[in-house]
Every structure is written in structure tokens, then in C-alpha cells.
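As the structure is a computational prediction, the values presented were derived from the model and not from experiment. Labels below follow one simple rule: chain letters A, B, ... track the order of the sequence lines, proteins then strands, and each chain is numbered from 1. Keep in mind that the numbers below use all heavy atoms, side chains included, and drop hydrogens, waters and symmetry copies.
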2 protein chains.
Amino acid sequence: MMNIKKVAEFAGVSTATVSRVINSSGPVSEKNRVKVMEAINVLEYRPNTRAREFRMNRSNELITILNDICNPIFAEAIKGMEDVAYENKYHLLIGNTSNNKMREQKYLESLKMGKADGAILITPRIGKKALLELHDRVPIVLMNDYMVDEIIPSVGINDYGASYDMTQYIIKNGHLRIGYIAGNQKVSIAKERKKGFEMALKDNKIPLIDQWVFQAEHTIEGGYQVMKKMMNMADRPTALVCYNDEIAIGVIKCATEEGIKIPEHLSVVGFDNINTSTIISPALTTIHQSAYELGRQAVEMLITLINGEDLKKRRITLDYQLKIRDTVKKLMK
Amino acid sequence: MMNIKKVAEFAGVSTATVSRVINSSGPVSEKNRVKVMEAINVLEYRPNTRAREFRMNRSNELITILNDICNPIFAEAIKGMEDVAYENKYHLLIGNTSNNKMREQKYLESLKMGKADGAILITPRIGKKALLELHDRVPIVLMNDYMVDEIIPSVGINDYGASYDMTQYIIKNGHLRIGYIAGNQKVSIAKERKKGFEMALKDNKIPLIDQWVFQAEHTIEGGYQVMKKMMNMADRPTALVCYNDEIAIGVIKCATEEGIKIPEHLSVVGFDNINTSTIISPALTTIHQSAYELGRQAVEMLITLINGEDLKKRRITLDYQLKIRDTVKKLMK
DNA sequence: TTGTAGGCGTTATCAC
DNA sequence: GTGATAACGCCTACAA
């Protein structure tokens with residue numbers, strides 16, 4: 001195997017000089033620099049990544065631990081992460097948990113063992129205590145989740161506000177009978193979105209009807225099932241706010257099959273603005289957020305942390321946008 | 001910093017014994033085993049991943065280099081890869097190139113430097129020569145691409161056959177005026193699919209009309225643009241075979257906007273069976289392939305290679321299925 | 001500007 | 001069953 005020693009011999013210098021040439025880490029005479037470069041070329045020498053990582057005690061790798069890489073919003077976030085990682089000469093590891101707690105634990109464990117220099121955690125299942133302990137050991141940034149006291153750095157949008165605004169928009173369109181399909185309430189953004197919905201109703205003195213508040217898996221199928229159930233109800237809302245676009249799309253799919261016209265018979269809104277939202281018909285009214293940008297910012301924060309620099313903010317909140325399309329009907333008074 | 005030496009001291013044994021306990025790599029008396037385990041617990045010792053990787057000269061990491069992680073078909077493939085990697089105690093690195101040649105080169109370079117123990121390459125831009133050279137240095141498996149001589153291991157489906165079958169299906173429905181929207185002809189599966197289309201026409205003695213053969217980006221926008229262009233044509237085909245679902249969806253989107261009814265005025269078919277295909281209306285007739293399974297098999301092959309075992313086959317071809325839905329009209333003779 | 005040499009934490013060989 | 005110890009390849013004081 002080729003190594004720095006052989007290169008040094010070949011070039012007639014010491015390993016220290018070769019190392020200095022490779023890393024531009026110290027003074028080297030032009031003459032020696034050339035000799036070393038030649039030796040490297042002739043011998044086709046490539047520094048051993050693993051020896052380096054070992055010696056420097058850093059892997060130049062980041063890991064993101066998340067539930068489902070196939071969720072388009074996460075896939076986009078990963079793209080953002082990867083772009084910034086690449087720009088900073090980091091590599092990105094994927095820790096896909098498939099919603100499996102055991103698997104998440106394994107990834108967190110290998111993170112603790114120093115597999116990566118830092119991590120982006122998306123909706124982890126671990127408790128606050130364990131999270132804080134992890135935070136003590138290795139740089140982490142939370143995405144789509146945050147600790148109220150902002151101890152652990154995080155990125156996200158104002159989910160509460162966005163949901164509030166969306167509900168407000170529906171109310172302005174004359175709706176008084178509004179239902180909600182919530183996400184998993186263990187996920188903090190799901191809680192926030194639900195709170196935003198509830199608060200908007202409250203501020204407008206519109207009653208919250210318990211039977212019209214559902215919970216669903218964060219998938220098209222999840223929304224489909226809820227709508228199916230709702231078909232059996234004699235008294236239905238005129239509008240339905242959904243935790244995310246997938247759920248909303250499931251609702252629309254089921255409604256269409258059942259002959260319920262959207263938005264004539266039922267208004268539906270989503271959250272996230274995934275690609276499909278513009279493709280279904282009618283096009284879905286939803287909240288746009290840039291998962292890509294969220295991913296970028298998360299890694300930028302993370303690298304700052306790894307470098308031991310100070311964070312300007314421990315919480316980065318990006319903007320969102322109401323995307324008004326065709327799934328909300330304006331009701332006459 | 002905690003290390004194996006301190007554990008050994010604490011337990012009153014040698015580092016060799018500690019190592020043997022940790023890795024079950026040799027005989028250890030029960031008494032010593034217990035002492036070592038205790039020491040590990042008390043001292044909260046975790047083996048240093050990087051030292052290990054260095055010593056063993058393997059990273060236990062695989063990398064997949066691909067153009068766009070956000071493409072649902074690739075995201076699914078990655079999920080499959082990650083699952084198998086996880087099952088085999090490997091970690092998966094993502095090398096997203098964003099269609100950037102330079103970036104691809106960088107990833108290939110770090111692969112050569114031993115960053116990962118092996119790689120899954122999806123539609124790389126590198127030539128055959130460079131690919132073979134890479135193949136000599138490090139285990140690789142190709143996905144969605146293959147060398148006709150099967151030197152380099154690969155996974156995929158029979159794209160030629162699938163495209164042929166789909167075209168045949170359209171012909172059986174009475175269509176004689178059939179157009180094609182091709183993908184990037186540098187991508188081998190795009191070539192195969194086009195060939196399948198052409199051969200089906202030929203075998204049925206149906207003329208291939210040059211103006212009806214287009215090329216598009218592999219995106220919704222790409223398909224949209226082609227359809228836009230086709231609107232200006234006086235003489236249009238009655239059916240359009242598309243390289244993939246995204247393109248087909250773009251076509252449908254544009255057609256709908258332009259008042260062209262699908263499939264009444266124009267039949268359209270896709271390829272891949274992405275999620276959205278069942279959501280748009282009308283639901284898209286397409287070819288189903290399991291990208292997830294492709295990803296799984298690719299990594300299984302790769303790990304076999306890394307272990308130095310023999311491959312049963314150098315090319316794995318998975319099945320595909322014609323998904324007949326609502327975008328092809330049966331024409332009366 | 002250059003070279004010597006120690007050490008990072010682990011595994012694995014070899015002798016006991 | 002066990003322990004000393006030599007690698008693995010690199011970087012970086014430190015000395016020259």
C-alpha cells in the first residue's frame with residue numbers, strides 16, 4: 001500500500017515535508033514542493049482518509065436522523081443539507097428510522113460514539129432529558145422541533161402562526177363550521193399547528209366541535225381514512241384544515257370518489273406545499289415553507305457549532321407563505 | 001479521554017482481553033469478562049469508531065452517488081439501500097450531484113480515496129473507461145445503467161421490454177398515430193426505453209413520425225413544455241408515450257389547461273409509477289417498478305462484493321408491471 | 001526550512 | 001486464556 005513514508009522516500013524528503021505540502025500546513029521550499037508533487041503523481045499517492053480522520057479525531061461527516069426520507073418535504077430538506085455539507089467539505093450520512101424507535105436509538109448511539117461530527121435531528125422520539133444529554137456530548141441541531149427554552153439550536157417556521165393565518169383565511173371566507181385533522185401530537189410542530197387552529201377559532205368566537213377534530217397518520221392514506229369516517233356523519237363541517245398536504249390530498253381523493261365536490265361541498269386546506277399540491281385538481285390551498293432552505297440553515301448552524309463559534313441565534317425561524325389556490329369556497333352570508 | 005487502555009487498567013487485565021470482550025474475538029474467562037464489562041459500564045467507555053475504522057481499514061460506510069435525491073423514484077431507492085445497509089451494520093452516505101459533473105467527480109475522487117467501502121452509482125456521467133478503472137479500485141454497483149458486457153455488477157429492470165410492452169398495449173387499443181417523449185439519451189435506460197418504443201412500432205409496421213419524437217427534461221416542467229410545443233402542430237398523434245411519469249404528468253397538466261381532454265383527445269402513458277400517478281385525474285397508465293427493491297438488491301450485491309464473495313449474477317433484473325389506469329383510450333377501427 | 005519521533009486507539013500476532 | 005507489543009498512516013511538536 002502507498003503511504004506518506006514512501007512518497008517521502010521517493011521525493012528524498014521527510015514525511016513532515018510531504019504532509020506540509022499536502023495540507024499547506026507549513027513552509028516548504030519551492031524545490032521540495034515540486035519534488036513532492038512529482039512523487040505524488042508518479043506514485044499515484046492518495047492520503048488515507050481513515051488515518052487522517054483518526055489522527056484529527058473528526059470524520060468530516062454529518063448525519064441526519066429522520067423518519068422517512070421518502071417524504072418529499074424531508075427529501076428536500078436533505079438536499080439542502082447536502083448542498084451546504086458539500087460546500088463545506090463535509091459528507092452527509094442518512095439515518096432513516098422508518099418510525100422505528102429502536103433504530104433511532106441505534107443511530108443516536110453511533111452518533112454518541114463519534115460516528116459523525118454533528119447531527120440534524122428531525123422529529124426525534126427521544127425525551128427532553130436524553131436530548132439535552134446528547135446535546136452536551138455532540139453538536140446537534142433540531143429541525144421541525146424545538147425546545148421552548150431554546151437550549152438546543154433549531155430551525156423551523158412559526159407553525160402556530162401559519163396555522164392560525166390559514167384558519168383565519170377560511171373564516172374570512174365565511175366558514176363557521178370548521179373541522180381539523182391533526183397530526184401526531186407527540187411531534188411538536190403538530191401540536192403547534194393544532195394550537196394555531198384552535199386559537200383562531202377562539203379569537204373569532206367560533207365553536208370548536210369535538211367530533212370534527214380527527215387525528216391521522218401523516219399520509220395520503222391517513223387523510224383518506226378520516227374522510228371515509230366522516231362520510232358516515234350526518235352533520236359535517238363546511239371546511240377542513242389538515243395537518244399537512246398528504247392528509248389533505250387523501251381527503252380530496254376520498255371526497256371525489258364519494259361524489260363530494262371540492263370546494264363546492266367541502267373546503268380543504270393543507271400545509272407544506274408539496275409538489276403534488278399543484279398537480280391535483282382542484283389545486284390545493286396550503287402553506288408554503290422551504291424545506292430546502294430549512295435544511296441549508298440547519299447545516300450552517302451545525303457547522304458553526306462544530307467550529308466552536310458562537311451562534312447568532314439559537315433558533316432560526318424562516319418565513320412561510322399562504323398559497324391560495326382552489327380548494328376553499330367563499331361562502332355567502 | 002476514555003480509551004481501551006484505561007478500561008484494561010481499571011479491570012486489571014490487558015487491552016487485548018478488553019478487545020476480545022468487546023468484539024467476541026477470542027477466548028476470555030467468564031471472570032475476566034465480567035470484570036471488563038463492569039469497567040466498561042463504570043467508566044462509560046465507548047470504543048473509538050475512528051480508531052477502529054483506521055485499524056480495520058474499512059469505514060463500514062457505503063455511498064450512493066446520484067443526481068437528485070428529491071426524485072421520488074430515487075428517494076425510494078435510497079430507502080431500500082439504507083434499510084439493507086442498516087441490517088448489515090453499514091452506514092449510508094449521500095452524494096447528491098445536482099446534475100453537476102464537477103461535483104460527481106469530487107464524490108468519485110473521495111470514493112477512490114477510500115471514504116466508503118463501496119458505492120451504488122445511479123446514472124453517472126463518467127465514461128466506460130473511467131468506470132472500469134473505478135471498478136478495479138473499489139466495489140461498485142450500477143443502478144439504472146449497465147454495461148452491455150456485464151463487467152460491472154448492476155441492478156435494474158428490462159426497460160427495453162417494458163417500453164415495448166407498453167407501446168404494444170397502446171397499439172392494441174387501436175392507436176396508429178403514436179408519439180414519444182424521450183429522456184436524456186446519455187442515460188442508458190432512456191436509450192433502452194426509446195428503443196423499446198421504436199421496436200414495437202416497427203414490429204407492428206406502424207410508421208415512426210419524426211416530428212412526434214421529442215426530448216425533454218425528466219421533470220413535470222419538461223413534459224409541460226413539450227405539450228405546449230405540440231399545441232402548435234396541426235397534425236397531432238392520438239397517443240404519447242413518455243420516458244417517465246413526471247413528463248407524462250406535465251403533458252396532462254398542459255393538455256388540461258389547453259382544453260385537450262385526456263384520454264378522449266389524447267392518450268398518455270408514463271413510466272415508473274410514482275405516487276402522484278394515482279392521484280392525478282385521470283389516473284396515469286404506467287409501468288410499475290420497485291425502486292425500493294432495486295435499492296435493496298443493489299446494496300445486497302455491494303456487500304457481497306465487499307465481503308469478497310462471489311456474485312451469483314452480475315446483473316439483477318427485477319420484474320415490472322403494466323399498470324393500466326385511465327389515460328389510454330380504446331380507439332374504434 | 002527541514003527532519004525526527006511520538007502518539008492517536010485499536011486490533012491481532014505471538015509467545016507464554 | 002492471557003498479556004506485551006507491533007503495527008495501521010498520519011500529523012505535529014520540537015529540535016536542529
Side-chain angles (χ1 to χ4, degrees), chain A residues 1-40 43-61 89 109-117 137-138, chain B residues 1-40 43-61 89 110 112-117 137-138:
Chain A
M1 203 36 214
M2 187 51 51
N3 60 31
I4 202 171
K5 215 166 164 182
K6 290 190 191 153
V7 175
E9 266 171 39
F10 188 95
V13 299
S14 73
T15 60
T17 299
V18 177
S19 177
R20 283 191 276 257
V21 170
I22 294 170
N23 303 300
S24 315
S25 55
V28 179
S29 70
E30 184 56 20
K31 199 190 70 190
N32 275 346
R33 220 185 55 76
V34 171
K35 282 203 290 184
V36 168
M37 292 303 281
E38 268 174 18
I40 288 176
L43 301 177
E44 294 192 327
Y45 168 70
R46 300 273 176 282
N48 181 312
T49 310
R50 276 184 285 275
R52 257 182 165 161
E53 291 176 351
F54 169 52
R55 180 59 228 261
M56 312 293 283
N57 197 28
R58 58 190 340 251
S59 63
N60 294 304
E61 287 172 1
K89 298 199 166 45
E109 186 61 25
S110 72
L111 176 61
K112 275 190 211 163
M113 287 176 60
K115 183 74 192 169
D117 298 337
R137 306 256 246 119
V138 43
Chain B
M1 200 38 213
M2 187 51 50
N3 60 30
I4 202 171
K5 216 165 164 181
K6 289 189 194 154
V7 175
E9 265 171 41
F10 188 96
V13 299
S14 73
T15 60
T17 298
V18 176
S19 179
R20 281 191 278 256
V21 170
I22 295 170
N23 303 299
S24 314
S25 56
V28 179
S29 69
E30 186 54 22
K31 198 189 70 193
N32 275 346
R33 220 185 55 77
V34 171
K35 281 202 291 186
V36 169
M37 292 304 282
E38 267 174 18
I40 289 176
L43 302 176
E44 293 190 330
Y45 167 70
R46 300 272 176 281
N48 181 311
T49 310
R50 276 184 284 276
R52 249 181 173 162
E53 292 176 351
F54 169 53
R55 181 56 228 257
M56 313 287 286
N57 196 30
R58 54 183 352 243
S59 62
N60 294 305
E61 287 173 0
K89 298 201 166 41
S110 72
K112 274 191 211 161
M113 285 175 61
K115 183 75 191 168
D117 299 337
R137 304 256 246 118
V138 43

Between [N] and [X], is there an OP1 or OP2 to side-chain N/O distance shorter than 4.0 Å?
X: S29(A); N: dT2(C); result: yes
X: T17(B); N: dG3(D); result: yes
X: N3(B); N: dT10(C); result: no
X: S14(A); N: dT2(C); result: no

Round to the nearest Å and state the distance from [X] atom [atom1] to [N] atom [atom2].
X: N32(A); N: dG3(C); atom1: CG; atom2: P; value: 6 Å
X: I22(A); N: dC10(D); atom1: CD1; atom2: P; value: 7 Å
X: E30(B); N: dG1(D); atom1: CD; atom2: C1'; value: 13 Å
X: E9(B); N: dT2(D); atom1: CD; atom2: P; value: 18 Å
X: K6(B); N: dG7(C); atom1: NZ; atom2: C1'; value: 14 Å
X: I4(A); N: dC8(D); atom1: CD1; atom2: C1'; value: 14 Å
X: R50(A); N: dA7(D); atom1: CZ; atom2: C1'; value: 16 Å
X: N48(B); N: dG9(D); atom1: CG; atom2: C1'; value: 15 Å

Check whether any side-chain heavy atom of [X] sits under 4.5 Å from a side-chain heavy atom of [Y], and report yes or no.
X: R50(B); Y: M56(A); answer: no
X: T49(A); Y: R52(A); answer: no
X: I22(A); Y: S19(A); answer: no

Exercise for the section: Compare the aromatic ring of F54(B) with the six-membered base ring of dC8(D) and state whether they stack according to the 5.5 Å and 30° rule. Expected result: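 It does: the ring sits over the base of dC8(D).
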What's the closest nucleotide to the side chain of [X] if the choices are [options]?
X: M1(A); options: dT2(D), dG9(D), dA12(C); value: dG9(D)
X: P27(A); options: dG1(D), dT2(C), dT4(C); value: dT2(C)
X: A51(B); options: dG3(C), dT10(C), dG3(D); value: dT10(C)

Pick base, sugar-phosphate or nothing for [X], based on heavy-atom distances below 4.0 Å to the nucleic acid.
X: S19(A); value: base
X: N57(B); value: nothing
X: T15(B); value: base

Handout entry: Ion pair R33(A)/E30(A), N-O distance below 4.0 Å
Key = yes
Handout entry: SB check K112(A) E44(B) (cutoff 4.0 Å)
Key = no
Handout entry: Under-3.5 Å donor-acceptor pair between R20(A) side chain and dG3(C) base
Key =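 Answer yes: a donor N or O sits under 3.5 Å from an acceptor.
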